[in-house]
There are 2 protein chains.
Amino acid sequence: MRIGEIAALVGLTTRAIRHYHHVGLLPEPERRPNGYRVYNVRDAVLLARVRRLTELGLSLDEVRDVLADDAGRELAEVLEELDADLARQEAAIRERRSRLGALLAEPPGAAGPVSPALAALLAQAPRTDSPSAAKDREYLTLMDAAGAGGQGIFGVFGTLIADPAVVELYERLDALAEAPTDDPRIAPLAADLMAVVPEELFAAIPADGVVVTGFREALLAEYTPAQAEVVGRLMDAFMERGRG
Amino acid sequence: MRIGEIAALVGLTTRAIRHYHHVGLLPEPERRPNGYRVYNVRDAVLLARVRRLTELGLSLDEVRDVLADDAGRELAEVLEELDADLARQEAAIRERRSRLGALLAEPPGAAGPVSPALAALLAQAPRTDSPSAAKDREYLTLMDAAGAGGQGIFGVFGTLIADPAVVELYERLDALAEAPTDDPRIAPLAADLMAVVPEELFAAIPADGVVVTGFREALLAEYTPAQAEVVGRLMDAFMERGRG
DNA sequence: ACTTGACCTTGACGCAACGGCAAGGTTCTT
DNA sequence: AAGAACCTTGCCGTTGCGTCAAGGTCAAGT
């Protein structure tokens with residue numbers, strides 16, 4: 001048989017068969033004088049075995065192992081490992097699908113894919129169009145993605161944010177947008193903010209890791225100078241108490 | 001932030017982020033005088049979104065589409081398509097696992113992964129150590145892999161093979177191993193073989209496709225000359241009746 | 001001042017299992 | 001004599017980065 005015939009016979013492409021030769025999975029068969037490969041029935045049986053094994057999901061390396069020692073001992077070993085691997089993949093797919101389903105059920109225009117803890121928090125947040133509040137929500141989704149929500153800090157944040165007094169603080173921060181860095185409102189606002197933050201939150205935020213020097217600068221760069229003063233003091237307080 | 005900081009923040013590798021720049025998923029950020037990339041918090045939010053989307057299983061191209069028109073319209077579209085794709089993958093994995101399970105439950109030393117129809121046939125076959133019978137069983141697994149079992153021909157074959165008279169025919173074929181091509185036993189054996197084959201089998205085997213010129217030669221090459229005579233006559237009969 | 005060590009830069013190869021194309025040779029059929 | 005349908009080798013493309021290689025930069029410790 002020529003390569004096209006055996007390929008049609010066992011249901012593979014000629015390209016695949018040549019590939020198997022190339023990577024050494026199968027030895028090159030003899031050639032006719034014109035260079036054509038010649039296959040016999042044993043080759044076909046072999047290729048059929050290869051096809052069945054690859055269709056089961058074995059890699060070519062695994063197929064090679066199985067073909068090498070056909071004691072049947074190795075086969076069961078590889079197959080069990082493969083089954084475990086498939087089980088893991090199946091579980092992963094199911095989890096992704098469940099998260100996908102949650103996303104699709106969500107109303108459009110939502111914040112995108114976020115953890116349930118953060119979703120609850122955002123739902124709790126009072127409706128305000130303060131730019132500072134919007135920024136904060138954005139940073140919360142960032143911390144969510146960074147995996148910061150692990151210690152349940154979103155729950156603490158939720159009770160904090162649900163407080164209507166916080167809205168007023170956001171507005172005081174907004175008011176500092178055009179202010180100079182020596183504006184007298186800076187110090188009292190920083191103090192009021194720190195007073196509102198519950199002690200657990202100071203403890204829950206890691207002083208290293210996320211709140212790292214570069215991040216601090218980047219975050220302050222998002223605010224006007226006077227606002228940055230306030231936010232910077234708050235962050236300093238976090239980092240000091242986090243260490244203590 | 002430098003690239004290492006933002007990478008740690010959003011839970012990606014620096015290599016991944018540079019890759020995103022390289023393929024144009026994200027624009028290159030500004031540089032410090034020393035060439036270092038500088039990231040801000042908005043970049044972090046963006047990268048966090050990218051991470052969540054890729055973790056859901058979107059390809060980078062799909063992520064780019066979603067990021068491009070953040071109308072939220074495209075997103076649902078892509079997500080539904082993705083979900084359908086995942087559903088297909090899940091089904092495929094489940095089918096593979098079920099076949100794997102069948103294989104693992106099988107006693108060791110079996111013929112390997114075969115269709116249930118062929119498995120039933122092989123179980124039915126009488127115990128004989130005739131080399132010709134062994135060859136036939138091998139070719140049957142080959143036809144199985146080639147998808148020839150579709151028309152239920154294995155069932156017909158089963159009733160044929162279960163006949164103890166067939167064993168005697170195999171032995172007569174074995175006996176021709178060393179015989180010359182003009183051995184007088186050739187003609188009667190071929191006739192007896194054809195007589196045993198039920199008419200349905202002639203009709204069920206396609207004259208084109210599997211039984212193609214190259215295959216015929218290859219198959220005959222497996223036998224000694226006298227045996228090939230017998231098998232060749234049988235095949236000729238198949239091909240003629242298949243056409244008629 | 002000098003040396004680590006931990007960053008950063010670009011560039012290029014590697015992977016898994018082939019698909020697809022190029023550029024040419026062979027064989028059988030019109 | 002020209003197709004059509006085979007075959008040959010060889011090389012690029014796919015996906016999403018990991019992993020060197022070969023260097024430049026910068027803050028800290030000796």
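Everything numeric here is computed off the predicted structure, so don't read it as measured data. Hydrogens, waters and symmetry mates play no part in the numbers below; they use all other heavy atoms, side chains included. So that the names make sense, note that chain A is the first sequence line, chain B the second, and so on, each numbered from 1.
Going from atom CD1 of B:Ile3 over to atom C1' of D:dC26 covers 17 Å, rounded to whole Å. Atom CZ in B:Arg32 sits about 9 Å away from atom P in D:dC26, given to the nearest Å. Look at CD on A:Glu5: it is 7 Å from P on D:dC7, rounded to the nearest Å. Atom CD of A:Glu30 and atom C1' of D:dT8 are 18 Å apart (whole Å). Rounded to whole Å, atom C1' of C:dC7 lies 14 Å from atom OH of B:Tyr39. Atom-to-atom, NE2 of A:His22 to P of C:dC15 comes out at 12 Å; the value is rounded to the nearest Å. B:Glu55 has its CD atom 17 Å from the C1' atom of D:dT15, to the nearest Å. What separates NE2 of B:His21 from P of C:dT9 is a distance of 8 Å, to the nearest Å.
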What N/O pairs connect the protein and nucleotides 16-18 of chain C at under 3.5 Å? Give each pair on its own line.
from	atom 1	to	atom 2	distance (Å)
C:dA17	OP1	A:Leu60	N	3.1
C:dC18	OP2	A:Tyr20	OH	3.1

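For the OP1/OP2 pair of C:dG20 and a distance below 4.0 Å, the side-chain nitrogens and oxygens of A:Arg18 include no atom meeting the criterion. Phosphate contact (OP1/OP2 of D:dT8, side-chain N/O of A:Arg37, threshold under 4.0 Å): present. At the phosphate of C:dT9, neither OP1 nor OP2 sits under 4.0 Å from any side-chain N or O atom of B:Asn34.
At distances below 3.5 Å, at least one donor-acceptor pair connects side-chain atoms of B:Lys135 with backbone N or O atoms of B:Glu222. Side chain of B:Arg216 to backbone of B:Met235: no donor-acceptor contact under 3.5 angstrom is found. Looking at A:Gln227, its side chain never comes within 3.5 Å of a backbone N or O of A:Leu176 through a donor-acceptor pair. A donor-acceptor contact shorter than 3.5 Å is absent between the side chain of A:Arg97 and the backbone of B:Leu86.
Residue A:Arg31 is classed as a sugar-phosphate contact, given heavy-atom separations below 4.0 Å to backbone atoms only.
Among D:dT9, C:dG25, C:dC8, the nucleotide with an atom closest to any side-chain atom of A:Tyr36 is C:dG25. Closest approach to the A:Arg2 side chain among C:dT10, D:dC6, C:dC8 is made by D:dC6 (side chain taken as heavy atoms from C-beta onward).
Few gaps surround CD on B:Glu28; more than 12 heavy atoms of other groups in view lie less than 6.0 Å from it.
In this structure the side chain of A:Tyr139 reaches within 4.5 angstrom of the side chain of A:Leu219, judged on heavy atoms.
A:Arg37 pairs in a side-chain contact (heavy atoms from CB on, under 4.5 Å) with only one of the listed residues (A:His21, A:Met1, A:Arg2), which is A:His21.
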